Protein chains: 2
Amino acid sequence: MIDVQNPLLSKLSAFATLTNSERASLGRFDRPRRCFEIGTDLMREGEKNSTAYILLDGWVLSYKLLRSGERQIVDFQVPGDFLGLRSLLLRTADHSIEPVTPIIAVEIGMTDLLRIFRESPRLAAAMLWALSTDGAVVVERLVSLGRRDAIERVAHFFLELGARLKVVGLATGDGYACPLSQYHLADALGLSAVHINRVLRQLREEELMTFRAGKVTFDNFDKLVQIAQFDTAYMDHGGAARE
Amino acid sequence: MIDVQNPLLSKLSAFATLTNSERASLGRFDRPRRCFEIGTDLMREGEKNSTAYILLDGWVLSYKLLRSGERQIVDFQVPGDFLGLRSLLLRTADHSIEPVTPIIAVEIGMTDLLRIFRESPRLAAAMLWALSTDGAVVVERLVSLGRRDAIERVAHFFLELGARLKVVGLATGDGYACPLSQYHLADALGLSAVHINRVLRQLREEELMTFRAGKVTFDNFDKLVQIAQFDTAYMDHGGAARE
DNA sequence: AAGGTTGGTTAACGCATGTTAGCGCTACAT
DNA sequence: ATGTAGCGCTAACATGCGTTAACCAACCTT
């Protein structure tokens, strides 16, 4: 049971080396593991007293709908990420969450959170740190939408995703498996699907990166980093083992 | 000394009615109050072990710079807001903070946070709630940048700011004092200053709202809400006095 | 086999917004 | 009084991206 928690453990370990009892504390959720198929929302905006989850396997996306029917994807979550923790604290969901692929997740409720805070302040700090990282990612996305043009935005997105997946062992320096469609990218990056397609072609033709058939391949990582002005500083504050 | 904390107290009271001892606990920061003038940053991106603050008076802005020299303003903070709490948890500042007006703020450090968590779980929950609200605001801004056009964006911005100021008694339903320049709006909303000017003129000519000489006046609140698709749901989850 | 659906792809056209440039006002320093 | 810096304001022009409309391939479903 502790085993499946691996992605979260890898992430938190980037913040501080956890003791065995802390690892055990994380594993001791009595709440059930749940599976969700594509098409069934985990959480819907406006919903009261929603549950939060830790994502063990698969990808999900968080989004908000506008009256016009358009949607803005706030972020994608990958194994090891928290789902809907903010909505738990707010007591009303401020966004919706749906699977991108079939997923496995563990429920967490307020009581679990409080128990962790009681049993291990260090673990609590690690979780607050992980939450803050999520916040930093959203802020960086906001910078993208506000001040980067389409190419920079797309390049930055794939680099960031790669960095996040690497932490949980799902990416190498060369690329990673990515189940998103071009429509997903459009809704996440504030562009039209047509323009996403144009940009992907350009990235391909200039031999910077390739996104095709569910695979991201970095052809010229350094140049890509330069174009995107990608700086990992906002993501890797842990550096493992401080304090 | 407790008195000056009023803006934060008003905010947290929207989440739960605080006991006298909880109010006292909030007031018992031994850290000094500090003043900052325009031009002196409170925090700079990349800085290690920065301090966080509670803003008592004045306005500040949080921003990130791009290589090109452009900047994206992430959010403005008004009295009662936390400053740099995420950077405190991350141990490295992921954004910079500078005053918009001269300000007064109280320092808070990790030790203060931990003390509050120890002394009063309810107060801790209230603070986590306030933090989550800040997160929800950033997410809503992200939706604006991704999917709203210029008019909707500007309208939404002023409505949201009004709602936030109202909580701490700095706005009425008709309008509020606002020390921002059109350049501030441009950097916050991902538009050019020229276009901000165009949009403000349009809002004025269509008698929806006026922003002039440091004052925001709502001329047709309802229509403005409709144009912006402004829904306060993401801001007022507290509703005072639940549990 | 036929039809529907989803995702990728491209071209033509239009528009919202950026860019550049310039004018005027106020505040403030010299 | 004179410069200078910041801010508001506007016009003319340029462009990045959206929109619409197709076509194709892969994969369902029946």
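Letters A, B, ... mirror the listed sequences (proteins, then strands); counts begin at 1. Quick caveat, the model's predicted, so the values are computed rather than measured.
Within the 4.0 angstrom heavy-atom criterion, only backbone atoms of the sugar-phosphate kind lie near B:L191; the bases stay farther away. Using a 4.0 Å heavy-atom cutoff across all strands shown, A:R153 reaches no nucleic acid atom at all. Within the 4.0 angstrom heavy-atom criterion, base atoms lie near A:S192. A:R198 comes within 4.0 angstrom of a base, heavy atoms only. Heavy atoms of B:G214 sit nowhere under 4.0 angstrom from any nucleic acid atom. Among the heavy atoms of the strands, none lies under 4.0 Å from A:A193.
A heavy-atom distance below 4.5 Å is not found between the side chains of A:Y234 and B:H95. Looking only at side-chain heavy atoms (C-beta outward), B:P32 and B:E107 come within less than 4.5 Å of each other.
When ring centroids are compared, A:F76 and A:Y63 stay outside the 6.0 Å threshold.
For DNA chain C, the span of nucleotides reached by chain B at under 4.0 Å from its heavy atoms goes, 5' to 3', from C:dT17 to C:dT20.
Atom-to-atom, NE2 of B:H195 to P of D:dA11 comes out at 15 Å; the value is rounded to the nearest Å. Across the protein-nucleic acid pair, A:I38 atom CD1 and D:dC28 atom C1' stand 14 Å apart, rounded to whole Å. The CG-C1' distance, from B:L200 to D:dT10, rounds to 14 Å in whole Å. Note: CG (B:L180) to P (D:dG6) measures 18 Å, nearest angstrom. Between the P atom of D:dC17 and the CG atom of B:L145 lies a distance of 15 Å, rounded to the nearest Å. To the nearest angstrom, C1' of D:dG16 lies 12 Å from CD of A:E152. Atom CG in A:N197 sits roughly 19 Å away from atom P in D:dA21 (whole-Å rounding).
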What donor-acceptor contacts under 3.5 angstrom involve side-chain atoms of residues 211-229 of chain B, with partners at least two apart or in another chain?
{"from": "B:D219", "atom 1": "OD2", "to": "B:T210", "atom 2": "OG1", "distance (Å)": "2.8"}
{"from": "B:N220", "atom 1": "OD1", "to": "B:K223", "atom 2": "N", "distance (Å)": "3.2"}
{"from": "B:Q229", "atom 1": "OE1", "to": "A:R67", "atom 2": "N", "distance (Å)": "2.7"}

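Looking at A:D187 and B:R147, a side-chain N of the basic residue comes within less than 4.0 Å of a carboxylate O on the acidic one, giving a salt bridge.
Map A:D149 and B:Y183 each onto its nearest nucleotide of DNA chain D; the residue landing nearer the 5' end is B:Y183. Each of A:E205 and A:R147 was matched to the nucleotide of DNA chain C holding its nearest heavy atom; the match closer to the 5' end belongs to A:E205.
Between the side chain of B:Q72 and the backbone N or O of B:A188, at least one donor-acceptor pair lies under 3.5 Å.
Checking A:R153 against A:H156 by side-chain atom types alone, no donor-acceptor pair falls below 3.5 Å.
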